Amino acid sequence: MGHSAAVWDYRAATEITKDWNGIDQVLLRTLRGSSARVSLHGAQVTSWRNEHGEELLFTSSKAIFKAPKAIRGGIPMCFPQFGNCGSLEQHGFARNRMWAIDENPPPLPGNDSSGKSFIDLVLKSSEEDMKCWPHRYE
Ligand SMILES: O=P(O)(O)OC[C@H]1O[C@@H](O)[C@H](O)[C@@H](O)[C@@H]1O
């Protein structure tokens, strides 16, 4: 990619694209050539490729990347419940909401961002979700 560790610009290694349903997804690349893809639908990690381009995550070919279905596969956010251990939908509603990019995230701990890339996503409680889970969160 033409980056060197001395001038690593993680923002240049972060690209926002749309999936086939028009939903924003974030592609993150590292200096060494590995990458991850995160959908704003559920903040779900849908791909993680190593520096050889090999996919390390399973995402079902039957996955529907669109509400009201949560994405099946990858790394889901299970909140505020896991599985069916509660009265909410399977694994909670967070994986079936549109998350937002936090433009002013707190810095990474230490000085460990060289060659890496990252994105901070945020989900805030909504009046609608308060009806079934009456707690504020962010
Ligand atoms: O199928 P979903 O709703 O995407 O959930 C993902 C998986 O979550 C796990 O907790 C279940 O044991 C699996 O059966 C399930 O497939």
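The first residue of the sequence shown is numbered 1, and numbering continues consecutively from there. Everything numeric in this text was worked out from a predicted model, so none of it was measured. Each ligand, and each atom within it, is numbered from 1 in the order the structure gives.
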Original post:
How about Thr46 and Arg37: does a side-chain donor come under 3.5 Å of a side-chain acceptor?
Top reply: yes
**OP:** Just grab all the ring pair (Phe, Tyr, Trp, His ring centres under 6.0 Å) pairs involving residues 26-78, residues at least two apart or on different chains.
**Re:** Trp20-Phe65
Original post:
Excluding sequence neighbours, so at least two apart, what forms salt bridge (charged side-chain N to carboxylate O under 4.0 Å, His left out) with Glu128?
Top reply: Lys131
Original post:
Going by distance alone, is a donor N or O of one side chain under 3.5 Å from an acceptor N or O of the other, for Thr17 and Gln25?
Top reply: yes
Original post:
Sequence neighbours excluded, which residues qualify as salt bridge (charged side-chain N to carboxylate O under 4.0 Å, His left out) partners of Asp24?
Top reply: Lys18
**OP:** List, ordered by chain and residue number, the protein residues whose closest non-hydrogen atom lies under 4.0 Å from any atom of ligand 1.
**Re:** Arg72, Phe82, Gln90, His91, Arg95
Original post:
Do the side chains of Tyr137 and Lys124 get nearer than 4.5 Å, heavy atoms only?
Top reply: no
